[in-house]
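Atoms within a ligand are numbered from 1 in the order they appear, just like the ligands themselves. Numbers for residues simply follow the sequence, beginning at 1.
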Amino acid sequence: MTIEVKSNEEIVVMRESNRIVAEVLRILVKHIEPGMKTKEMDIIAEQELKKRGAESSFKGYRGYPATICVSINDQIVHGIPGNRVFKEGDIVSLDFGAKYKGFHGDAALTVPVGKVTPEAQRLLDTTRESLEVGIAAAKAGGRLGDISAAIEAYAESKGYSLVREYTGHGIGRKMHEEPQIPNSTQPPYGLPAGTGPVLKKGMTIALEPMLNIGDWHTKVAEDQWTVLTADGSLSAHFEHTIVIDDDHAEVLTKGTYD
Ligand code: MF3
Ligand code: CO
């Protein structure tokens, strides 16, 4: 496995593509309200991308038909925007990638629609914190498994399960580069602490923990894209693209949320 290390010049461009991702996601979050159709969000994302001279990373990727993924409640990831309408109390994951000057950016967050239950809010907060704990464990000289183990320990300490079958990824000229970034230490992809590739300054990776209130099992809907919790429990997803530095990681999609 070869894990690319980006040059300073490449990192400068990745800051730009990822800043676009963060800006557009912020705009999308501002627009969410009960009664709105998920495909309206997709149209806004497309317009905002165009304004910035960027392209969708998702549209056409393995035949994916839209610019964003919108995943509601028990949907974990890869929900296709369509005629579904946001309802008060929903939790909505927005996942969005942009290609600019040849480099991709990728981020996701989960937000409440209006007032949500305390259980739902706690899931959102913990998922965001799990991502932040993973970022704090990412630094040059560490191992990839240190990130997975940190995310998992935090999520499980709060009583949630971590989705095992979908992972983060390296990112750069391609949206998905090596290595896979497991969010969990468990099979099929998981890496225990102290194992896996050594992290090096200049590696650009996307971390994206998905936490379920129930267990970690997933299923795929008839549309062949939407991933749901097998038990119907709520799920949340947060993602940042980061670059590894000597004693910390820089978040390239900073500003996606406050
Ligand atoms: N953001 C997702 C990821 O990190 C990609 C969405 S899948 C796509 O892998 F098909 F919509 F592109
Ligand atoms: Co991603």
*Can you tell me if His237 and Thr110 form a side-chain donor-acceptor pair at under 3.5 Å?*
no
*Provide the number and element of each atom of ligand 1 under 4.0 Å from a heavy atom of His176.*
3 (C), 4 (O), 9 (O)
_Can you name the atoms of ligand 1, numbered from 1 with element, that are less than 4.0 Å from a heavy atom of Met175?_
12 (F)
_Starting from atom 4 (O) of ligand 1, what is the nearest protein heavy atom, named by residue and atom, and what distance separates them?_
Glu208 OE2, 2.6 Å
*With heavy atoms under 4.0 Å as the rule, classify the contact between Ala206 and ligand 1 as side chain, backbone, both or neither.*
neither
_I'd like to know if the side chain of Asp74 reaches the main chain of Ser233, judged simply by a donor and an acceptor atom lying under 3.5 Å from each other, with no hydrogens or angles considered._
no
*Answer yes or no: does an N/O atom from Tyr61 fall short of 3.5 Å to an N/O atom of ligand 1?*
no
*Under 3.5 Å donor-acceptor, Asp42 side chain and Ile68 backbone*: yes
*asked:* I'd like to know if the side chain of His169 pairs up with that of Glu177 as donor and acceptor (distance under 3.5 Å, no hydrogens or angles considered).
replied: no
*Would you mind running through ligand 1 and noting each atom that sits below 4.0 Å from a heavy atom of His78?*
6 (C), 7 (S)
_So does Gly142 get a backbone contact from the side chain of Asp146, meaning a donor-acceptor N/O pair under 3.5 Å?_
no
_Suppose we only allow N, O or S atoms; which atom of Glu208 ends up nearest to the Co ion (ligand 2)?_
OE2
*Only one of Thr241, Ile244, Ile171 passes side chain to side chain contact (heavy atoms under 4.5 Å, CB included) with Ile205; say which it is.*
Ile244
*Sub-4.0 Å atoms of ligand 1 with respect to non-hydrogen atoms of Asp95*: 1 (N), 2 (C)
*Side chain, backbone, both or neither: which part of Tyr64 comes within less than 4.0 Å of ligand 1 when only heavy atoms are counted?*
side chain
*Can you tell me if His176 has an N, O or S atom under 2.8 Å away from the Co ion (ligand 2)?*
no
*Classify the side-chain pair Lys158/Thr126 by whether it contains a donor and acceptor separated by less than 3.5 Å.*
no
_Any N/O/S atom, side chain or main chain, of Glu239 closer to the Co ion (ligand 2) than 2.8 Å?_
yes
*Any idea which part of Arg62 is under 4.0 Å from ligand 1, heavy-atom wise: side chain, backbone, both or neither?*
neither
*asked:* Do His78 and Tyr166 pair up side chain to side chain, a donor and an acceptor below 3.5 Å, judged on atom types alone?
replied: no
*asked:* With a 3.5 Å distance limit and no angle check, can you tell me whether Asp106 reaches the backbone of Met175 through a side-chain donor-acceptor pair?
replied: no
*Provide the number and element of each atom of ligand 1 under 4.0 Å from a heavy atom of Asp106.*
1 (N), 3 (C), 4 (O)
*With a 3.5 Å cut-off and no angle check, do the side chains of Glu152 and Thr185 form a donor-acceptor pair?*
yes
*With heavy atoms of Trp225 as the reference, note each atom of ligand 1 found under 4.0 Å away.*
10 (F)
*the Co ion (ligand 2) as vertex, arms to OD2 of Asp106 and NE2 of His169: angle to 10°?*
90°
